[in-house]
Structures are given as structure tokens and as C-alpha cells.
Amino acid sequence: MQVTEHIHALKIPFKLRVGPAKTVDRFVFAYLIFGDQICLIDCGIAGSEAIILDYIKQAGRDPREITRLVFTHSHPDHIGAGQALKKQTGCKIAAHIDAKPWIENVDQQYAERPIGNFFNLVGGSVEIDSELKDGDQVGLGDGKTLEIYHTPGHSKGSISLFYNKDKALFTGDAVPKAGSVPIYEDVATSITSIKKLKQIKGLEILIASWDDPQFGASVYPSMDAGLQWFQQIHEAVLAETAGSDALDAEDLSARVLKRLEFPEIPLVPIVVTSIGAHLKLLDQQQLI
Ligand SMILES: [Zn+2]
């Protein structure tokens, strides 16, 4: 799908295992920026290299023109095809310095953040060629740049990228879609990150990994909707913890999801972690 003259979106479906015999259907977007060079932002799960390389060939370009693959963060659905793409195209890989350990050592990531079918989603560890930090500029040739904003919360090494040519902001998983399953490490940091992105003036396109691009008048309201969603989750946690001080984390998560009117979903550790992130903020009614 073409987003602008230069930006193309590839929607990549995958299955996330949430129980011994149960999977849920998910998807993630990988983005291509076509210019003098080709830049890839995230690359989907293991095996997605075929989809990406086919798309590039069909556009009449050569996969070896991919000069850079930038990861918004280290999670499997964003880095899964990284090792294969680097091998096949020789592209250089960039990511935030705090995302580096889990990208370069996926066994460590799995040990610290277990996901059912992790090793089906990730093709393997891959080495980072350039470590990014807040304020860095990545040159794409011909005056086009990606400006890096460190936006932790969903993960500590999450970044957002501002593409100057189209006034487009790639946010990875930093701005949640309202109503989506809670997946973050630190809710207060997530909120600070979104507020920081709202300060960027003149944005024309917001491009998240789990949603269709938002254009024009929808850009800032969709960031506000993400903030409101954090507040709504927080209020559900406050309601479920009121008067009971020793709730089991899984039990609390199940109650919160029910209060938020999610259909019965199996509780995976990454969701329990997210709900648990609210527990240190129980003295605050208002998070946003
Ligand atoms: Zn993620």
C-alpha cells in the first residue's frame, strides 16, 4: 500500500501463540521509504523478507538498494526478518542503544520477555551497525532525513522517527490504538513519550505499526486517543484494586480486561506485565 509518493506500507499477518493449542491473529506493518536509496523501517516476522524483497522488485528496484533497516524497537514482530535481510541485501541496521541487547541476543530477549512462539517469529539475532539516540538524524540522501525521538514505555529502546520530506512520524508501538490489548513496560514513561511527540509541530501523517496511517486533522487526536486509552486502563485498575491490597497479578489482569470489555482472552505474561505497570501509580487518579 502506498502512503505517499515515497512511503509504502506492507501489512504482515502473523499468529501469536497464547496457549498450548491457541493462537490469535495479529498483524504488523513494515514500511519502505523509496528515494535515491531504500530505507526500511521494521521488517515483520521471520520469513517476511520474501514479501519485502518481492515488493521492492515489483517496484522496479533492486533489493541491494536497501541501505538501511531501522528498528523502532526490539520486539519479534519488528525485527524477525532482520537477520535474513541483512544477509541477503547487505543493509546496515540501526536501532536505539537501549534496544541493542534484545536484538543482538534474542535468547536473552526470550528469557526476559517470553512469548509462546517467539522462535517462529524471530529468525535470529542480528548485529546493530549504528546505535541511535534521541536527537540523531539519519540521512537518506537528497536532503531527506529521519529524526530520532526516543519514546520509551512500550519498551525501553522504543524510538519514533520523523521523516522531513512528508512531515510523517513513524511511531512503532509507542502510541497505542484505543481499545487495543495493553502491551507496555512502563505506563508513566509511555505517556511522557506521547506528550513529547505531541510537541512536534506541523505533523501531517502519523504512521504506527498496528494501525492504518492517520492523515491531517486525525494526527494529533489519535495521539490524544492513545493517552485517553492509558487513562481508561488506569481507571479500570483503580476500580479493581479499590479495597483489596493483595490481588494476584493474573487475577487482577483478568478482572481489568473484563472491566474494559475485552472478550475472554488467555492471559499472556506481556499483558500481565502491562497491567502490573499501573500498580506503582495507584496513588494517582489522573495519569494524563
Ligand atoms: Zn512492540
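Only this structure's heavy atoms are used, side chains among them; waters, hydrogens and symmetry mates stay out. Counting convention: from 1, in listed order, for ligands and their atoms alike.
Classification of Asp224 and Lys195 as a salt-bridged pair fails, no side-chain N sitting under 4.0 Å from a carboxylate O. Comment: Glu131 engages Lys100 in a salt bridge, judged by a side-chain N to carboxylate O separation of less than 4.0 angstrom.
Under the 30°/60° scheme for interplanar angles, the aromatic rings of His96 and His150 are found to lie parallel. Using cut-offs of 30° and 60° for the angle between ring planes, the Phe29 and Tyr31 rings count as parallel.
The Zn ion (ligand 1) is closest to atom NE2 of His73 (considering only N, O or S atoms). For the Zn ion (ligand 1), the nearest N, O or S atom contributed by His75 is named ND1.
Taking backbone and side chain together, His154 holds an N, O or S atom under 2.8 Å from the Zn ion (ligand 1). Contact annotation: Asp173 places an N, O or S atom under 2.8 Å from the Zn ion (ligand 1).
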